[in-house]
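Working notes for the structure below.
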Amino acid sequence: MQNQLFIQNSLTRKKELFKPISEPNVGMYVCGPTVYSDVHLGNVRTFLSFDIVFRYLKFIGYKVRYVRNITDVGHLVGDGDEGEDKIAKKAKLDNIEPMEVVQKYTNGFHSVMRLFNIQDPSIEPSATGHIMEQIEMIQEIIKNGFAYESNGSVYFDVKKYNATHDYGTLSGRNIEDLISNTRELDGQSEKRDSLDFALWKKADPHHLMRWNSPWSVGFPGWHLECSVMSTKYLGEKFDIHGGGMDLKFPHHECEIAQNVGSNGKSPVNYWIHGNMLTVNGKKMSKSEDNGFTPEELVTGNHKLLEKGYSPMTVRFFMLQSHYGSTLDFSNEALQAAEKGYKKLVNALKTLKKLKPSENSSVHVTELKNKCYAAMNDDFNTPILISHLFEGVKIINSIHDGSASINDENLIGLNKLMDEFTYDVLGFTTESSSSDGNVLDGLMELVIDLRKQSREDKNWSVSDKIRDQLAQLNIKINDSKEGSTWNHEE
RNA sequence: GGUCUCGUGGCCGAGCGGUUAGGCAGUGGUCUGCAAAACCAUCUACACCAGUUCGAAUCUGGUCGAGACCUCCA
């Protein structure tokens with residue numbers, strides 16, 4: 001299979017043919033969560049987007065090292081530099097150890113990832129585990145003249161950097177605009193210029209998370225960890241860097257500056273940015289109070305939710321849009337996705353029961369090529385899904401007897417549908433219980449009894465069986481060949 | 001204010017110069033003891049105004065509207 005994968009590169013704003021630095025290996029870094037609170041659905045969308053990238057790269061034969069960090073220190077809270085560490089602040093509020101906060105929300109993050117069947121990265125490094133490396137990178141940057149110490153803190157000298165390099169290429173900004181638009185928040189700052197950003201911050205006496213450094217007892221700046229950990233695990237130059245759109249500036253811009261400032265190399269060939277999940281057109285975020293946790297989503301226990309939705313329904317809902325577009329949340333859209341997903345899943349079950357015939361009115365190769373083409377075009381999952389629904393139509397038509405399929409095409413169709421549904425899109429069958437055999441036997445008996453009552457035209461009994469099973473989320477489907485059932489979660 | 005993005009049918013969302021996107025909902029059939037499911041058929045579109053072109057949802061200019069970033073955020 002010759003795959004020409006094209007990726008929308010934020011750096012060039014063009015769709016480019018993907019060529020890894022060292023075939024067949026691919027290095028990919030994605031900015032992970034800051035573990036100071038529960039992740040909400042908007043966060044999930046980004047990690048899901050890159051789950052698809054990870055899965056598809058592997059699917060077409062690449063060997064991927066996927067690094068996704070855990071930010072457990074360093075994000076400042078409040079205005080400018082006078083804020084405090086987000087995790088330390090949370091620790092004070094909850095009256096627990098900072099690392100306890102980190103552990104709690106890291107665990108929570110992992111269980112959410114599992115809930116949505118988002119695969120683990122190859123390496124999940126944490127910022128606090130790389131303090132030494134961060135100090136070393138700061139020293140390099142200082143040595144190269146792009147950073148200065150001020151009162152125990154170290155700042156990146158953006159103006160000086162910009163004199164020999166372009167600052168702002170990724171986000172399409174120029175330094176003059178940035179200077180003229182700086183807000184009046186910095187006050188009595190230690191920084192030489194408002195654009196400068198911290199590489200190391202001296203800790204005030206109350207600050208809980210602190211480490212020794214050549215400059216002060218303090219903590220690393222909030223953009224540094226990604227530069228350090230991507231370099232450590234993927235090298236000074238690697239293939240893909242991903243993250244949410246909202247990280248493009250300043251976070252990713254600073255990352256590039258730090259890498260260039262320390263080793264002279266722009267680190268990433270392909271920058272990929274996922275777009276935001278919106279609610280009534282506005283970005284989902286904690287401050288807007290329009291976010292909800294996955295638990296609330298599943299139970300429906302939130303003012304924005306009319307009912308609960310299963311994780312796979314949500315996955316389907318998100319993958320029906322392209323990662324680069326905003327996606328607007330609504331109950332209506334979720335409910336439509338729920339039905340659509342069910343239709344797909346049911347067809348996959350039907351597929352397993354299809355019998356081949358001599359002639360084939362369907363040809364799988366063309367459909368298969370279209371599926372690959374969709375994913376090769378910047379991971380276009382909505383197009384892929386539309387093609388899978390073409391497959392659904394084929395499956396149901398064969399089942400209905402209005403189409404036929406031969407052995408070869410049936411094998412091909414099975415492979416195609418399974419691979420793209422489960423491997424590429426990462427859907428998973430939600431209710432696979434260990435006592436499935438008992439249930440199967442039981443249902444066979446029930447359906448047989450119902451069949452007899454139907455033959456006797458004893459409709460009250462047959463309808464009672466059907467209705468009561470429905471209450472247990474077991475749905476009976478009658479057809480010419482007899483009745484089938486499935487259990488819906 | 002600066003930079004950028006977007007405005008598609010009842011809803012969600014692809015497409016980005018000429019072909020039915022797709023899902024959900026609606027309508028009419030087929031099937032069924034009834035229903036559900038499924039199948040077949042079918043109705044609603046490209047914010048507005050001008051321009052380029054044989055041809056524009058798709059390109060250009062303008063108008064209006066929405067959003068993101070510029071401060072932590074996926």
Side-chain angles (χ1 to χ4, degrees), chain A residues 13 30-34 36-37 39-50 74-80 83 86 168 171-174 176-183 185-186 222 242-251 273-278 280-288 291 316-317 320-322 324-344 346-347 350 374 377 380-390 392-393 395-397 399-403 454 457-459 462-463 466-467 470 475-480 484 486:
Chain A
R13 292 146 199 262
V30 170
C31 292
T34 304
Y36 67 97
S37 65
V39 294
H40 65 236
L41 202 60
N43 303 311
V44 171
R45 186 182 183 208
T46 296
F47 300 121
L48 173 61
S49 297
F50 291 102
H75 281 218
L76 298 183
V77 128
D79 292 332
K86 220 168 218 177
S171 54
R173 282 152 215 259
N174 64 63
E176 289 78 21
D177 288 343
L178 288 169
I179 291 165
S180 64
N181 289 316
T182 301
R183 296 187 179 187
L185 294 169
D186 294 305
W222 54 101
M245 206 75 105
D246 48 358
L247 295 181
K248 204 190 246 184
F249 188 91
H251 182 64
H273 288 95
N275 217 321
M276 301 292 106
L277 181 69
T278 60
N280 296 323
K282 292 235 170 62
K283 175 182 168 183
M284 182 178 280
S285 68
K286 288 207 177 67
S287 52
E288 290 279 338
F316 183 86
F317 163 70
Q320 264 192 309
S321 76
H322 189 256
S325 308
T326 55
L327 170 63
D328 199 56
F329 168 88
S330 72
N331 282 281
E332 248 182 318
L334 256 302
Q335 278 158 32
E338 187 171 54
K339 286 182 185 166
Y341 178 63
K342 202 174 278 180
K343 186 173 174 177
L344 176 63
N346 286 340
T350 305
D377 185 15
N380 200 325
T381 54
I383 294 289
L384 172 60
I385 288 174
S386 80
H387 293 326
L388 291 181
F389 274 101
E390 207 175 302
V392 168
K393 203 166 189 175
I395 291 164
N396 287 326
S397 299
H399 185 62
D400 256 31
S402 57
R454 290 181 76 205
K457 298 201 190 303
N458 192 346
W459 308 126
S462 68
D463 287 354
R466 183 174 67 196
D467 295 345
K475 196 164 241 170
I476 297 286
N477 289 324
D478 295 331
S479 72
K480 281 175 193 161
T484 58
N486 61 65

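A, B, ... follow the sequence lines: proteins, then strands. Residue 1 opens every chain.
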Nucleotide forming a Watson-Crick or wobble pair with B:C39, both distances under 3.5 Å
B:G29
Roughly how far apart, to the nearest Å, are B:U52 and B:G61 at atom P?
15 Å
Whichever of A:Gln335 and A:Ser171 has its nearest RNA chain B nucleotide further upstream toward 5'
A:Ser171
Is a donor-acceptor contact shorter than 3.5 angstrom present between the side chain of A:Arg466 and the base of B:C34?
yes
Scan A:Gly274 against the nucleic acid and name what it touches under 4.0 Å (heavy atoms): base, sugar-phosphate only, or nothing.
nothing
Rounded to whole Å, NE2 of A:His273 lies from C1' of B:G67 at a distance of 18 Å
Under 4.0 Å, heavy atoms only, any strand: does A:Gln320 hit a base, just the sugar-phosphate, or nothing?
base
Could you check which nucleotide pairs with B:C46 in any of the strands shown, counting Watson-Crick or G-U wobble with both distances under 3.5 Å?
none
Distance between the P atoms of B:U58 and B:C49, in whole angstroms?
12 Å
Separation of B:A37 atom C1' from A:Ile395 atom CD1, nearest Å, is 15 Å
May I ask you to say what A:Ser325 touches in the nucleic acid, namely base, sugar-phosphate or nothing, with a heavy-atom cut-off under 4.0 Å?
sugar-phosphate
Pick the P atom in B:C48 and in B:C64, then give their distance to the nearest Å.
16 Å
With heavy atoms under 4.0 Å as the rule, sort A:His40 into base, sugar-phosphate or nothing.
base
Counting the atoms with a prime plus P, OP1 and OP2 as sugar-phosphate, which does A:Asn275 contact under 4.0 Å by heavy atoms, base, sugar-phosphate, or nothing?
base
Quiz item: A:Asp478 side-chain donor-acceptor pair to B:A37 base, under 3.5 Å
no
Quantified in whole Å, what is the C1' atom distance between nucleotide B:G9 and nucleotide B:C4?
28 Å
Take the protein atom CG of A:Leu388 and the nucleotide atom P of B:G22, then report the distance between them rounded to whole Å.
14 Å
Counting the atoms with a prime plus P, OP1 and OP2 as sugar-phosphate, which does A:Lys343 contact under 4.0 Å by heavy atoms, base, sugar-phosphate, or nothing?
sugar-phosphate
Check every strand shown and say whether A:Arg45 touches a base, only sugar-phosphate, or nothing at a heavy-atom separation below 4.0 Å.
nothing
With rounding to whole Å, what would you report as the distance between B:U20 and B:U5 at their C1' atoms?
29 Å
By a 5.5 angstrom centroid cut-off and a 30 degree plane limit, is there stacking between A:Phe47 and B:A74?
no
Given the P atoms of B:A14 and B:A21, what is the spacing between them in whole Å?
15 Å
Nearest to the side chain of A:Asp463, heavy atoms from C-beta on, is which of B:A21, B:A74, B:G33?
B:G33
pair_partner(B:C69), Watson-Crick or wobble, both distances < 3.5 Å, evaluates to B:G2
Nearest-angstrom distance, C1' atom, B:G29 to B:C59:
44 Å
Counting any heavy atom closer than 4.0 Å, what does A:Lys283 reach on the DNA or RNA strands: base, sugar-phosphate only, or nothing?
base
Would you measure the distance from the C1' atom in B:G26 across to the matching atom in B:A66 and give it in whole Å?
29 Å
Rounded interatomic separation in angstrom, taking OH from A:Tyr36 and P from B:A74
6 Å
